[in-house]
Amino acid sequence: MRAYEMSAAKGLDSWSLTEREKPEPGRGRVLVRMRAAALNYRDLLIAQNRYPFAVNLDRLIPVSDGAGEVVAVGEGVRRFQGGERVAGIFSQSWLGGAQVEDMWHTALGGAIDGVLAEYGVFDADGLVRLPDHLSFEEGATLPCAAVTAWNALYGCKPLKAGETVLALGTGGVSVFAIQLARAAGARVIATSSSDAKLERAMALGAHETVNYRSHPEWEREVRRLTDGAGVDHVVEVGGTGTLPRSIASTRPGGHIGLIGLLAEGEAIDPLAILGASCLVRGVAVGSREMFEAMNRVIALHGIKPVIDTSFAFEEAPAALAALAEASHVGKIVIRID
């Protein structure tokens, strides 16, 4: 089979197309013909040697998010059969409940092989079925970005209808947060430095938008839009560069799902959290249980993931370069079939 491998972190030149033996499923394992993969900012961090968690660069197959069809199952597998459309869960050991201790050591495309190959073998417990209305390309966008957005909204302090969600930016996680929050009957405020991207956010379900280039102190505008009350949930993808303003945007008792590392800034003063009386929680993707719950909502509401650009398998390095440009809205996808 053809597969991309990574043996050193060399930035945009990290991925090499090669040939490997097609794997076979052992006991309890499932062989999947991969049809599509989707990129996350994590993939760029790994390629740039900036990822803070476990990575094994011994001919690593990169990328965590992919979808395909089952072609064979090993002995003892009862959850799946040939022909079913599936996606792998981000951390193969986190099936449900609280985050497991070995989560980062079983994460696809980092500590273990990912999905940027024509075939992949997964533990039967490490797969979920795709919603019927989604294509393979759309299904490939779900494992990391969509589950992360779901965890941010429901993993600790579940979102309620009528509450207000602040989504920072228009990357994959934030776009899914807009769609999922809108489906829940929540009010959504989206931010971006681009008016064109904010128009897209409105079309996807945001009720109000804030251009943070026009409003550098954008937390003041968020407060104005909420009549001074602040928001109930923040999907925080910026990190230290945006967290102080996210804290200032949040009502007392509100929840901030801390996800990304996109914006650099000063160390956080804990007094800001104390003064706001809000909960700041690290969100590390999520479990299979979360993935399956989210899929039920996606199927019920007919939610369609937003794909900005789709690349052929041979163009995978170009897809990584497009990710680095950060001009996309939604997800960047690689077609494998």
Side-chain angles (χ1 to χ4, degrees), residues 36-44 64-65 67 87 90 131 133-135 137-155 159 164-212 218 231 233-239 242 246 256-263 283 285-286 290-291 294-295 297-299 301-310 319 322-334:
L39 301 187
N40 296 286
Y41 187 61
R42 169 183 184 257
D43 300 312
L44 184 61
S64 61
D65 291 15
F90 176 84
H133 72 288
L134 298 185
S135 67
E137 291 178 43
E138 291 165 338
T141 69
L142 301 179
C144 184
V147 176
T148 298
W150 180 268
N151 189 356
L153 297 175
Y154 291 99
L159 176 65
T164 302
V165 173
L166 174 62
L168 303 189
T170 53
V173 174
S174 298
V175 167
F176 276 118
I178 292 170
Q179 293 176 296
L180 293 170
R182 181 70 184 229
R187 177 187 179 191
V188 183
I189 301 173
T191 73
S192 175
S193 62
S194 163
D195 286 337
K197 289 184 177 181
L198 291 176
E199 289 181 10
R200 291 286 307 277
M202 291 283 286
L204 292 168
H207 296 83
E208 290 98 8
T209 61
V210 178
N211 186 316
Y212 60 77
W218 48 264
V231 301
H233 293 264
V234 182
V235 180
E236 167 53 79
V237 299
T242 54
S246 290
I256 298 174
L258 181 59
I259 297 159
L261 306 167
L262 294 174
V283 176
V285 194
M290 293 179 190
F291 200 159
M294 178 194 72
N295 278 350
V297 171
I298 287 174
H301 291 278
I303 294 172
K304 299 280 280 186
V306 177
I307 296 175
D308 184 278
T309 315
S310 181
L323 179 70
E325 292 175 2
S327 62
H328 57 287
V329 175
K331 300 294 292 181
I332 294 173
V333 169
I334 298 168

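No experiment lies behind these values; they were computed from the predicted model shown.
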Return the set of residues passing side-chain contact (heavy atoms from CB on, under 4.5 Å) with Ser327 (not counting sequence neighbours), or none when no residue passes. Glu325
Please, which pairs that meet salt bridge (Lys or Arg N to Asp or Glu O under 4.0 Å) have at least one residue in residues 173-185, sequence neighbours excluded? none
With side-chain contact (heavy atoms from CB on, under 4.5 Å) as the test, would you mind laying out the steps for Thr148 and Phe90 before giving the verdict? CA-CA 10 Å; Thr148 298; Phe90 176 84; over 6 Å; no
Flag the pair Leu168 / Trp218 as yes when at least one side-chain heavy-atom distance between them is below 4.5 Å, and no otherwise. yes
Donor-acceptor check, side chain of Thr141 to backbone of Glu138, threshold 3.5 angstrom: yes or no? yes
Partners meeting ring pair (Phe, Tyr, Trp, His ring centres under 6.0 Å) with Tyr212 (sequence neighbours left out): none
Worked verdict on His133 versus Ile298 for side-chain contact (heavy atoms from CB on, under 4.5 Å): CA-CA 9 Å; His133 72 288; Ile298 287 174; 3.7 Å; yes
Looking at CD1 of Ile259 and CG of Asn151, how far apart are the two atoms once the value is rounded to the nearest 0.5 Å? 8.0 Å
Separation of Leu180 CG from Leu159 CG (nearest 0.5 Å): 9.5 Å
Interatomic spacing from CD in Glu137 to OG in Ser310 - rounded to 0.5 Å: 4.0 Å
To the nearest 0.5 Å, what is the distance between NE2 (His233) and CG (Leu166)? 12.0 Å
Using 4.0 Å as the upper bound for N to carboxylate O, is an ion pair formed by Glu208 and Arg187? yes
Can you check side-chain contact (heavy atoms from CB on, under 4.5 Å) on Thr170 and His328, steps first, answer last? CA-CA 8 Å; Thr170 53; His328 57 287; over 6 Å; no
Atom pair CG (Asp195) and CE (Met202), whose distance is rounded to the nearest 0.5 Å: 11.5 Å
Between Leu134 and Lys304, does a side-chain contact (heavy atoms from CB on, under 4.5 Å) hold up when you go through it step by step? CA-CA 7 Å; Leu134 298 185; Lys304 299 280 280 186; 4.2 Å; yes
Answer whether the closest heavy-atom distance between the side chains of Val147 and Pro143 falls below 4.5 Å. no
